[in-house]
Amino acid sequence: MMKERPDSVIRKRSLAEELAERLRQRITDEQFEVGEKLPAEPELMRIFGVGRSTVREAVKILVNMGFLKVQQGAGTFVESRAAADDPMAQRLRRADIRDLDEVRRILEVAIVERAAGRRTEQDIEKIERFLAERGATAAAGRLEACIEADIRFHVALAEATHNEILYELYRSATIHLQKGFEHIYVDTGYFLASQPTHERLVRDIIARDARKALHTIGIILKEP
């Protein structure tokens, strides 16, 4: 347990940096998934044995590095497993949304083919969970939540390839596309209409049928 000395600014800063590193390690080790909400401040204080100011300073450090994002009234969420000062991360942040979307579409073809051959039961469980969230939020008209569920669904497919570089490339591209999607789509109509083809894609991957999965992703990529 870390002991905090509130009378020492220097020590407090050191504790915050130590906590930030421990949280960062959990993020990069995938103990926290991208998009997942961090425990509330009191819980982090209890887990790590530090004070509120240390937790807040550690979160601020990780926000500035690009690992976390704070949504007012909602909480703190994992933004990325890579630091924002990474050259590729910087390039993705500056990239035109059309270029990012083109990369995403190219990668999805490679992803579904490999996911069909390499997916595990754990992968399928995660994929189906996010697909269900996508459908439920689309039906409820919750656009922001629906976009997030859609992204997490496709990222889970990328993870099922068990190719770390392919997964990281896709995940990075989609994270930077999310805000753009929120401006492109005015409602959840597209997501609701495309839910059946996404369900078909999952069935193809469960069946380990790469040929059918490629055909289905082709349909998805052509859907308006």
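Remember, it's a predicted structure, so these values are computed and weren't measured experimentally. Residue numbers run from 1 in the order of the sequence given.
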### Query
Just by distance, do the side chain of Asp150 and the backbone of Ile147 share a donor-acceptor pair under 3.5 Å?
no

### Query
So do Ser194 and Arg134 actually touch side chain to side chain, heavy atoms under 4.5 Å?
yes

#### Entry: Joint hydrophobic cluster, Ile106 plus Ile165, side-chain heavy atoms closer than 4.5 Å
no

### Query
Do Glu21 and Ile61 come within less than 4.5 Å of each other through their side chains, counting heavy atoms only?
no

### Query
Distance-only, no hydrogens or angles: does the Arg119 side chain make a donor-acceptor pair with backbone N or O of Ile206 under 3.5 Å?
yes

### Full working for side-chain contact (heavy atoms from CB on, under 4.5 Å) between Leu192 and Asp187
CA-CA 10 Å; Leu192 200 57; Asp187 56 39; over 6 Å; no

### Query
What are the two closest heavy atoms between Ala58 and Ala20, and how far apart are they?
CB-N, 3.7 Å

### Message
Rounded at 0.5 Å granularity, tell me how far CG in Leu214 sits from CD in Glu113.
### Response
5.0 Å

### Query
For the side chain of Arg26 and the backbone of Phe32, is there at least one donor-acceptor N/O pair under 3.5 Å apart?
no

### Task
Run the numbers on Tyr185 and Leu143 for side-chain contact (heavy atoms from CB on, under 4.5 Å), then give the verdict.
CA-CA 8 Å; Tyr185 298 107; Leu143 180 59; 4.0 Å; yes

## Note on the structure
d(Lys37 NZ, Phe77 CZ) to nearest 0.5 Å is 5.5 Å

### Task
Apply the test side-chain contact (heavy atoms from CB on, under 4.5 Å) to residues Asp123 and Leu157: give CA-CA distance (whole Å), side-chain angles for both, the deciding distance (0.1 Å), then the verdict.
CA-CA 8 Å; Asp123 293 327; Leu157 287 176; over 6 Å; no

### Query
Do you know the tightest heavy-atom contact between Ala16 and Glu57?
CB-CG, 3.4 Å

### Query
Which pair of heavy atoms, one from Ala156 and one from Ile127, lies closest together, and at what distance?
CB-CG1, 3.8 Å

### Query
Val112 and Ile219: same hydrophobic cluster, using ILVMFWY side-chain contacts below 4.5 Å?
no

### Query
Quick one: does Thr188's side chain have a donor or acceptor within less than 3.5 Å of a partner on Phe191's backbone?
no

### Message
Within the supplied structure, the quantity of interest is the number of heavy atoms (other residues, nucleotides, ligands) at a distance under 6.0 Å from Gln71 CD; does it exceed 12?
### Response
yes

### Separation of Arg152 CZ from Arg129 CZ (nearest 0.5 Å)
7.0 Å

### Task
Could you pull out the closest heavy-atom pair between His198 and Tyr190, with the gap in Å?
CE1-OH, 4.3 Å

### ILVMFWY network linking Ile184 to Ile151, side-chain heavy atoms under 4.5 angstrom
yes

### Query
When rounded to the nearest 0.5 angstrom, what is the spacing between CD in Gln31 and CD in Glu36?
10.0 Å

### Query
Are any of the side-chain heavy atoms of Ile217 and Leu221 separated by less than 4.5 Å?
yes

### Residue Lys69 excluded, over 12 heavy atoms near NZ under 6.0 Å
yes

### Message
So for atom CZ, which belongs to Arg142, do other residues, nucleotides or ligands contribute more than 12 heavy atoms lying within a distance under 6.0 Å?
### Response
no

### Beyond-backbone contact of Leu201 with Thr197, side-chain heavy atoms, under 4.5 angstrom
no

### Query
Is there side-chain contact between Arg203 and Asp209, with at least one heavy-atom pair below 4.5 Å?
no

### Message
Using a 6.0 Å cut-off, check whether atom CD of Glu43 has over 12 heavy atoms from anything other than its own residue.
### Response
yes

### Query
Do His215 side-chain atoms and Arg211 backbone N/O form a donor-acceptor pair below 3.5 Å?
no

### Electrostatic pair Arg104:Glu108 at N-O distance under 4.0 angstrom
yes

### Message
Checking the side chain of Ser172 only, and the main-chain atoms of Leu169 only, is there a donor and an acceptor separated by less than 3.5 Å?
### Response
no

### Query
Is the number of heavy atoms from other residues, nucleotides or ligands within 6.0 Å of CD (Gln25) greater than 12?
yes

### Message
So Leu68 and Glu79, do their side chains get closer than 4.5 Å, heavy atoms only?
### Response
no

### Query
Could you go step by step and tell me if Val34 and Val155 meet the side-chain contact (heavy atoms from CB on, under 4.5 Å) rule?
CA-CA 9 Å; Val34 172; Val155 169; 6.0 Å; no

### Message
Could you check whether any side-chain heavy atom of Leu131 comes within less than 4.5 Å of a side-chain heavy atom of Gln195, counting everything from C-beta outward?
### Response
yes

### Message
So does Tyr170 get a backbone contact from the side chain of Thr174, meaning a donor-acceptor N/O pair under 3.5 Å?
### Response
yes

### Query
Does Glu33 pair with Lys126 as a salt bridge, N-O distance under 4.0 Å?
yes

#### Entry: Ionic contact status for Arg200 with Asp204, cut-off 4.0 Å
no

#### Entry: Salt-bridge criterion met for Glu102 and Arg105 (N-O under 4.0 Å)
no

### Query
When rounded to the nearest 0.5 angstrom, what is the spacing between CG in Leu44 and CD in Glu41?
8.0 Å

### Task
Heavy atoms only: give me the nearest Thr137-Ala149 pair and the separation to one decimal.
OG1-CB, 4.3 Å

### Message
On a heavy-atom basis, which atom in Thr76 and which in Val70 lie closest, and how many Å separate them?
### Response
OG1-CG2, 3.7 Å

### Message
Measuring from atom CD1 of Ile27 to atom CZ of Arg24, what distance do you get when rounded to the nearest 0.5 angstrom?
### Response
8.5 Å

